[in-house]
Number of protein chains: 2
Amino acid sequence: MTAATPDEGVAVPVTIRDVARASGVHISTVSRTFSAPHLVNPETRVRVLACAEDLGYRPNRAARALITGRTHNIGLIIADIANPFFPPLIKAAESQARHRDYHVFVADTNEDPTTEEELVHALAKQVDGVLLCSPRMSNSLIEQLSREVPLVVVNRQVTGLPCVLMDVGQGARAAIEHLIGLGHRSIALLGGPRSSWTNREMRRAAGAAARSGGAELTLLGPNAPTETGGAAVAEQVRRSGVSAVLAYNDLMAIGLIEGLHALGVRVPQEVSVVGVDDITLSRLTRPKLTTVATPTGAAGRTAVDMLLQQDIESPRGARAPGAGTALGVRRTTAQVMLQTDLVIRDSTGPGPHARPVRPLAAPLGPDPHCPAGPGIPTAVTGDAVAS
Amino acid sequence: MTAATPDEGVAVPVTIRDVARASGVHISTVSRTFSAPHLVNPETRVRVLACAEDLGYRPNRAARALITGRTHNIGLIIADIANPFFPPLIKAAESQARHRDYHVFVADTNEDPTTEEELVHALAKQVDGVLLCSPRMSNSLIEQLSREVPLVVVNRQVTGLPCVLMDVGQGARAAIEHLIGLGHRSIALLGGPRSSWTNREMRRAAGAAARSGGAELTLLGPNAPTETGGAAVAEQVRRSGVSAVLAYNDLMAIGLIEGLHALGVRVPQEVSVVGVDDITLSRLTRPKLTTVATPTGAAGRTAVDMLLQQDIESPRGARAPGAGTALGVRRTTAQVMLQTDLVIRDSTGPGPHARPVRPLAAPLGPDPHCPAGPGIPTAVTGDAVAS
DNA sequence: TACTTCACTGCAAACCTTTGCAGGATCACT
DNA sequence: AGTGATCCTGCAAAGGTTTGCAGTGAAGTA
């Protein structure tokens, strides 16, 4: 049946030519059967498809890429795969890409801008585009690289480039308002990496929300966006005398809670803590973490879509016969902002200025494991909102 | 300097021909400069390299793949990227591959055997080999697929195929012995997916260890290898009356602890829990999890090495002019077993039969957050031990 | 019938690189 | 000077596919 001798270790490569021979047509007809089915007679088509199936033919993507200029691969550059924020994004992007018949190269930069740049270069020629997730490079470098290969940037705003953003500003505002509503007036913001767009955005929004709510916001940072980074500032948080903290991300928040716990500071009784990301972990720690849920899966899907859409417009390299440049709209520079949602769990509680409106607020016994917090988890929506 | 007009959005593809023209040599010389530098005059070489650098030339891997038959890509098929067990493996594999000038396609199967098979098929022609991590397919299917594309299997034993295994048997034994040493005589084993090699291996080793230690082992399962799966059996665990549990993995262990906590059962005072994997998370929960550390990073690296080594032997498809089959040793079928280590943290404590040798064992106050457990984390070794 | 249209298929060039072979130059040695 | 070896380079075929163009036959129109 197949061309391979049954017990041979290595499969014999079956090409378009074998299929053509088997089905008695020219190779170009076979080619069209796959890449332009409407151009071939239905009868012929089924015959060719049958032969192809029979022989186990699969188009050689390298050969196809060579002539079409499209590899059907996309690159996904991630700051740190081990950071639980990213796997859902990777998973969603991979799945979305696969449905569009694309494959995803995943590469990890270890949070290093230089590695990041090298990776884009290395990937440039063998992918149709690259997704840059939480890049640490400078804006100008990103722009420069975007001339080498189509880019979509996630978690960062680069003018002139398609970006997928999560509205952490809104999330930070909601978090601060939530804390103020609980009676906190002195709040700290644990900053993340300096070069992070998210970081700036949070600072801006949290600052505004605090001002308009009559609370004081203390900035602590920058810090490493990890559990260790969070634990390291616990002492500083205690000294600062704040009653609530908004952390750059969940890992830091969890680290901070650990650190505070080691110092004998109870969460949320003495200090409330809010994280960002809603990683799986945040549901598993004790107390369960109040956090700003970011739609990472939606971000991955959206980014893939934007990349592919942009690719479709410029079918090949610059080999248009006429003026190479005048191809009309070359890049869609749309920026998509995804909604975030505050998920209230157990790491936030009443602050010093809480109005004892209702006599509820059970004084929270010595066991912090079963706090009677409000705990109304808002649904996480990941709908894209084009801006 | 470069051939691209500066403000053009799309980079002009610069080929080997451009470099040849610029440096005044034939394209074959340029080719050799990159793929066989020792065959070209040093002077010529530097000139060519300079021109290439100048023009920003990068070899077209599709064209190269077309003629050499090697794509310099490898596929990495993962049961569930979101499972924190995998990211360190992915990270290590990607890094190792990159150092060998390979790129890694990552694909997620959602624990579905059918998707798994499809992915291998889809990847077969565009990679030089595939890493199968914790596959859920049948052995026979895996063997069959291995005829289509070189395979390395991780976390599973398939005769005739190169495998990277982690010695969970030894880990399970150590865990059971640890528990018996603490005075537990009635222990439950929370099983994972039925088709999992790890699962069978653990059952075998744990059973043997329990027998020889005079303890009774209750099997509970199979269960989903997730936090939810663990939480779901909490009630069952309580009813079974065991004083200690060894879970299939950390996620299940953590879920179980949560579930027990919800039932008012304290860990480790009433029930000790041991996990497997030592995911980052296990250090962050309270109580911190005692677990069998598996060298996932080493597994990723080793798997890549084994795949590449195997690839090197059979340089192309079966197109040797003579007898296609008699190519000598075709596949190395080495199986590598990596060591595991028991990391003792806070989720295990004295059992009903504990000998109060020393009066230590501080009666563990109402606050389970600061248990004075033994907590001597063994170093995680990831040395490969060929079998 | 003659002509046009249409649907389908074949032909051959092109994509970019690698590589076996052969030619040319240089050099050492006899 | 002749011989052979060595080193470097050029030539050209090959790899699997796509695609513009041309050709075929049949159907439709005048």
Side-chain angles (χ1 to χ4, degrees), chain A residues 3 11-48 52 55-72 101 124-126 128 315-321, chain B residues 3 11-48 52 55-72 101 124-126 128 315-321:
Chain A
V12 175
V14 32
T15 79
I16 207 177
R17 223 170 291 274
D18 301 316
V19 179
R21 198 176 314 124
S23 48
V25 296
H26 193 262
I27 59 165
S28 54
T29 302
V30 179
S31 171
R32 276 187 276 257
T33 303
F34 289 98
S35 49
H38 59 281
L39 288 182
V40 24
N41 188 320
E43 287 178 41
T44 320
R45 196 190 321 168
V46 301
R47 186 155 40 95
V48 170
L55 298 172
Y57 167 75
R58 282 171 195 278
N60 181 326
R61 291 175 93 123
R64 179 180 286 184
L66 187 54
I67 186 160
T68 63
R70 344 217 67 249
T71 61
H72 269 239
D101 196 26
K125 274 289 177 51
Q126 45 201 316
D128 297 341
R316 302 187 60 174
R319 63 178 29 260
Chain B
V12 175
V14 31
T15 78
I16 208 176
R17 223 170 292 275
D18 301 316
V19 179
R21 198 175 314 122
S23 48
V25 298
H26 194 263
I27 58 165
S28 54
T29 302
V30 178
S31 171
R32 275 187 278 256
T33 303
F34 288 98
S35 49
H38 59 281
L39 289 182
V40 25
N41 188 320
E43 286 177 42
T44 320
R45 195 190 321 166
V46 300
R47 188 155 38 97
V48 170
L55 297 173
Y57 167 74
R58 284 173 193 275
N60 180 326
R61 288 174 96 123
R64 179 180 287 183
L66 187 55
I67 187 161
T68 63
R70 343 217 67 252
T71 62
H72 269 240
D101 196 25
K125 273 288 177 52
Q126 45 200 317
D128 297 341
R316 303 185 59 173
R319 64 178 28 260

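Each chain gets a letter, A, B and so on, in the order its sequence line appears, and its residues count up from 1.
Distance Glu43(B) CD to dT26(C) P: 13 Å, rounded to the nearest Å. The distance between atom CD1 of Ile67(B) and atom P of dT19(C), rounded to the nearest whole Å, is 6 Å. Leu39(B) has its CG atom 17 Å from the P atom of dA22(C), to the nearest Å. Taking atom CG of residue Leu66(A) and atom P of nucleotide dA14(D), one finds them 17 Å apart after rounding to whole Å. Atom CD1 in Ile16(B) sits roughly 14 Å away from atom C1' in dT9(D) (whole-Å rounding). Gln126(A) has its CD atom 14 Å from the C1' atom of dT17(C), to the nearest Å. Distance Arg17(A) CZ to dA14(D) P: 11 Å, rounded to the nearest Å. Rounded to whole Å, atom P of dT9(D) lies 19 Å from atom CZ of Arg21(B).
Taking only side-chain atoms of Pro42(B), from C-beta outward, the nucleotide of dC16(C), dC8(D), dG16(D) with the closest atom is dC8(D). Taking the side chain of Thr15(A) as heavy atoms from C-beta on, and the options dC16(C), dT9(D), dG16(D), the nearest nucleotide is dG16(D). Of the candidate nucleotides dT19(D), dC8(D), dG16(D), dC8(D) has the atom nearest to the side chain of Asn41(B).
In terms of heavy atoms, Val14(A) sits closest to Gly56(A) at CG1-O, 3.7 Å. Ala36(A) and Val40(A) make their closest contact through O-CG1, 4.0 Å (heavy atoms, listed as atom of the first residue, atom of the second, distance). Closest non-hydrogen pair, His26(B) versus Ala20(B), comes out as C-CB, 4.0 Å. The two atoms that bring Ala62(A) and Asn60(A) nearest to each other are N-OD1, 2.8 Å, heavy atoms only. The heavy-atom pair separating Gly69(B) from Asp128(B) by the smallest distance is O-OD1, 4.2 Å. Smallest separation of non-hydrogen atoms from Thr44(B) and Val25(B): CG2-CG1, 3.8 Å.
Counting only heavy atoms from C-beta outward, the side chains of Tyr57(B) and Asp18(B) never approach each other to under 4.5 Å.
Direction of the helix axis in the helix from dT1(C)-dA30(D) to dT30(C)-dA1(D) shifts by 50° between the two five-pair termini, rounded to 10°.
For residues 24-37 of chain B, proximity to DNA chain D is found at Val25(B), His26(B), Ser28(B), Thr29(B), Arg32(B), defined as any non-hydrogen atom under 4.0 angstrom from a strand atom.
With values rounded to the nearest 0.5 angstrom, Arg58(B) atom CZ is found 15.0 Å from Thr15(B) atom OG1. We find the NZ-CZ distance between Lys125(A) and Arg61(B) to be 12.0 Å, quoted to the nearest 0.5 Å.
Listed pair Thr44(B) / dT9(D) meets the phosphate criterion, a side-chain N or O lying under 4.0 Å from OP1 or OP2.
Between Arg45(B) and Ala62(B), the residue whose closest nucleotide on DNA chain D is further toward the 5' end is Arg45(B).
Contact annotation for Arg61(A): no contact, since no heavy-atom pair falls under 4.0 Å across all strands.
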